[in-house]
Structure formats: C-alpha cells, structure tokens
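In what follows, a single structure is set out as structure tokens and then discussed.
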Number of protein chains: 2
Amino acid sequence: MSEYSDARSRFLRLHDALRTRICLLDYPPGSRLSEEALAAEFGTSRTPLRRVLAKLEDEGLVQSQHGVGTIVTDVDPGEMARTYDLRRELAGLVGRLSPVPITDEIIATAIGFLKQGEDLLHHPETRALAKLNMDYFHFGTSLTDNEALREMSERLYYRTARIWLTATAHLDLSDEAAIFVSELRDSLQALRARDAQAAADVRRAHISLCMARVSIVRP
Amino acid sequence: MSEYSDARSRFLRLHDALRTRICLLDYPPGSRLSEEALAAEFGTSRTPLRRVLAKLEDEGLVQSQHGVGTIVTDVDPGEMARTYDLRRELAGLVGRLSPVPITDEIIATAIGFLKQGEDLLHHPETRALAKLNMDYFHFGTSLTDNEALREMSERLYYRTARIWLTATAHLDLSDEAAIFVSELRDSLQALRARDAQAAADVRRAHISLCMARVSIVRP
DNA sequence: AATTGCGGCGTTGTGCACAACCTTGATGCA
DNA sequence: TGCATCAAGGTTGTGCACAACGCCGCAATT
C-alpha cells in the first residue's frame, strides 16, 4: 500500500522537497528556479523535474513563463484573506466529517508536539517554529478519515504557509511561539476529552486569530 | 488577462477535453488511454500530452502505471460518499464566503438554464442532462468571489461527476430531469430574492438528495 | 540625446529515440 | 497434462537535442 515505484517515489520526494523550500522561504517569492540547476542537484534530467514544477504551478506556488523562467509566486493579500476564510471553515469540518476515534496514540503524539513547542519557547527560532507548525498541521488533518477534506486542507495550507513566515519578521517571535504553544495546550485538552469537534474548533479559532495578526502587518 | 500563450491555451484545451470525456463516460472507468493515440488525435507529440495526463492523475481521474498504461480510475463508493459530504458543505459556503452581488445578468443566466432544463423534460437525454448539469455547476460556483472555494468545489465536482451518470442507468431518467428542473426553479427563486445564501442552500440540499438517490443503486 | 532595431544569451517548450517495465502467449520440459 | 521459462510486443518513463521565446545591451539612426 505504501510501496511505490521508483519513479513515483522520486517524484513525491522532489515535490515535497521543493514545496518545503518554497514554504520555508528558502526560495523567496520572485526568485527564479532553474530547471537545469535543480535537475543537476537531484541527479536527474530536466524531464522528471519539469513534472514536479508543473505540479507546483498547479498548486499555485510557482509560475512558468516560456523564455523567462520559473518564478516563485508572490502572495496577493486579498486572495490570501479569502483563502484563510476557507481554511478556517475546513478546519472546523475536520471535527464533523468522518472524525477519527481519538486513541491514546493520538494523544501521545499531541503530547510530543507540545513538548517540542515548549522546548522552542526557551530559544525560539523562526524556521524551527514554522517547521513544527507544518508538522502539526499534518497531524491536525489526520484527525479526519475524509480523504478529500485532508487533501483540500493541505492544498490550501501550503498556499498560505509563507504568509505567516513573512509576517513573523514584523511580529514578535516569542509572542508567536507562546501563542502556538497555547494552541497546542488547548488542542491537547480537547483530545484528552476525546472531543474531536472541540479539537477542530481550537484549530478553527487559532486560524482566525493568526489571520488577524498577519493581516495587521500587511501594508 | 484572458490571453494565454499558445502552449498554455492548448494545455487547458486538452485538459478540459479529456476531463469532459472522462466525466461523460466517453472513457468509462477501466479504459486505457494511449498517449500516442491521443497525441496523434490532437496533433501534438507525447510530451505536451503527458503533462495533461499528469494533471488528470493529480486530480484522481486517471492512473498511470509504468509498462501498463494510463487507466481511467474507478470510483470507490466509500470515498465518494465522503467526497459528497465535503461537496455539500462547500456548496453551503458559497453563500457565506464572499458571495457576489446578484445582478440581473445572473438572474438572466439562471432563467436560461431553466429554459434549457425544461426543454430537456420533453425528450430527456442522459448525456445532454449531464452536460447541462456540468454547466450549471460552474454557474453555481461563480456566485462566490472566493477563488480558492471555486477551485476546490470544481476539483471535487469533477471527481464525483461520473457517479450520477453511472447511477442514471439504474434510475428513471425522467425523474432525474424533473428533479433537476425543480432545483433550477428553486435556485431561480432564491436568486430573484437576491438571497445568495438561500441559493447556496438550495444547491446544498440537492447535493444531499442526489447523494441519497445515487447511493441507493450502489450494491 | 533619445529611440529604434537587432543580435546574442539564457530560459522554457517540444519532439524523438531509447530505456525500463508489464503483459501475454508460445514453447520446451518434467 | 501441468508448469516454468522466455521472448515478443506494447506501454509509460527518461534523456537529449533543438525550437520558440523573452530579456538585455549595443549600436546605428534620427
């Protein structure tokens, strides 16, 4: 089930690598990705790599122009606000559409996230916090069995993930870390109560608050 | 704004053509699409066509296997039910997230759809009804300015569109046409009242009912 | 001095040949 | 007869060479 052919597995690996780099601002908006350079780095030819870039373009993270290059997209504030609107609603749906039964293993995972978050409180790093947030997001979507809902949520997440990271430059990193840890605590409490809807509502509320904080720094 | 380069425009055209064929069951589930044959039909080489097939695979409509072929996917009843669940919720959100102001032009378009639907009542055809339903769906999503919501709704629609068409073989076509026309009437009434949420709720309700009718014929 | 035309350079898009792979059928052997 | 093995044919995946295209700088012209 989890076995893939070499080609597909490499495709997924490259896609995930590039997506992460874009969302962690290793490739900031406006930068140009060279097909040839990336192909050389990953030890393939341009052909398989072009398929990865095509998917990234479909997801709205890059844009290819004939004769110009493949450019990392910038984020339009207005569209981002509407995307956040939808993300908030989808986060709430995770608690209503086919929520998974909350097991001890799930709670243990949540505890693990809280531990990692608390560690970050003492010496907060932007990148580490963003990465933890990304992992925690995947954990959040795994709380529903509705595959379509998971897929759409992730698609929208990666489209907006860069916003927070960009805004953090103008926000207080310690504050952001504290807010994130408090979300982890609220979430853990809901999960201990075996209340999937409450856990989803925690995420929903925090997406709203995050959107509000981020939109303030926007000019 | 609506101008595209030749390459992109052709890509969109091919993608739309193949997607429509799959959803209208010209290519029933399980059939094999030959890259070479399709390339010849559309007058290109395999390279641009492969990009189209890759997108269709990403959308879950086909599945490529090395050395075997590109096969039109079949629909898993369980997953489809969950996808319908999400589609229903998204339809409701169209009325809440950035609904467009309802203009006379929109109402005129709705009247046009109703007229076409009523014409079909006298001599119903499965394919024509499915096509009209597809066009009407796009009209429904155009009632929100939230681009992400439109995109996700369409993505899910095309993933489930074949279900109804398959089920129609076991349902009464005249009944289905009548139900569809009654949806058009309800929808038009809501639009005349300039009530976007009511229009969205009409769609929401009909998606629920459609899901129920379709799931009955499933063994 | 400003502008316009042009040519070089780098980039993405395309076509083709070949590699990798799976299926199928025949064929030889126990 | 049953089965294993292998070869042939067809399909998707890959690599490479070239075409198409846009940008930039230079130079000739007005």
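In what follows, every chain begins at residue 1, and chains take the letters A, B, ... in the order their sequences are listed.
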ask   = How close or far is atom P of C/dT14 from atom CZ of B/F42, stated in whole angstroms?
value = 15 Å
key: Whole-Å gap separating P (D/dC21) and CD (A/E35)   = 17 Å
query = Any luck finding a side-chain donor-acceptor pair between A/T70 and A/S64 under 3.5 Å?
reply = yes
ask   = If you measure only the distance, is there a donor-acceptor pair under 3.5 Å linking the side chains of B/T44 and B/R10?
value = no
ask   = Is the shortest heavy-atom distance from the side chain of A/R155 to the side chain of A/R159 under 4.5 Å?
value = yes
inquiry  = Whole angstroms only, please: what is the CD-P distance between A/E36 and C/dC9?
reply    = 16 Å
task = Verify side-chain hydrogen bond (donor to acceptor under 3.5 Å, both in side chains) between B/R162 and B/T73, making sure each step is shown before the conclusion.
result = CA-CA 11 Å; B/R162 292 173 288 169; B/T73 55; 3.2 Å; yes
message = Taking the cut-offs as 6.0 angstrom to the six-membered ring centre and 45 degrees off its axis, would you call A/R51 and A/F11 a cation-pi pair?
response = yes
inquiry  = Rounded to whole Å, how long is the line connecting atom CZ of B/F11 with atom C1' of C/dT12?
reply    = 15 Å
query = Rounding to a whole Å, what distance do you find between B/L49:CG and D/dG13:P?
reply = 12 Å
ask   = Roughly how many Å is it from CG in A/L14 to P in D/dG13, rounded to a whole number?
value = 15 Å
ask   = Base, sugar-phosphate alone, or nothing: which one does A/R32 contact when heavy atoms must sit under 4.0 Å apart?
value = sugar-phosphate
inquiry  = Tell me the interatomic distance from B/D6, atom CG, to C/dT12, atom P, rounded to whole angstroms.
reply    = 19 Å
request  = Could you pull out all residues at least two apart from A/Y158 that satisfy ring pair (Phe, Tyr, Trp, His ring centres under 6.0 Å)?
outcome  = A/H138
request  = With heavy atoms under 4.0 Å as the rule, sort B/L33 into base, sugar-phosphate or nothing.
outcome  = sugar-phosphate
Just the table, please: protein N/O against nucleotides 15-17 of chain C N/O, every pair under 3.5 Å.
| unit_1 | atom_1 | unit_2 | atom_2 | d |
| --- | --- | --- | --- | --- |
| C/dG15 | OP2 | B/S45 | N | 2.9 |
| C/dG15 | OP2 | B/S45 | OG | 2.7 |
| C/dG15 | N7 | B/T47 | OG1 | 2.6 |

inquiry  = Let's go through B/D145 and A/R82 carefully: what are the C-alpha distance in whole Å and the side-chain angles of both, what is the deciding distance for salt bridge (Lys or Arg N to Asp or Glu O under 4.0 Å) to 0.1 Å, and is it a yes or a no?
reply    = CA-CA 9 Å; B/D145 271 335; A/R82 290 190 289 273; over 6 Å; no
query = Do the ring planes of B/Y136 and B/F180 sit parallel (below 30°), tilted (30 to 60°) or perpendicular (above 60°)?
reply = perpendicular
ask   = Can you check the B/R51 CZ to C/dT12 P distance for me, whole Å?
value = 12 Å
ask   = Does any residue of residues 59-71 of chain A have a heavy atom under 4.0 Å from DNA chain D, and if so, which ones, in number order?
value = A/H66, A/G67, A/V68
ask   = For atom CD of A/E36, is the number of surrounding heavy atoms from other residues, nucleotides or ligands below 6.0 Å larger than 12?
value = no
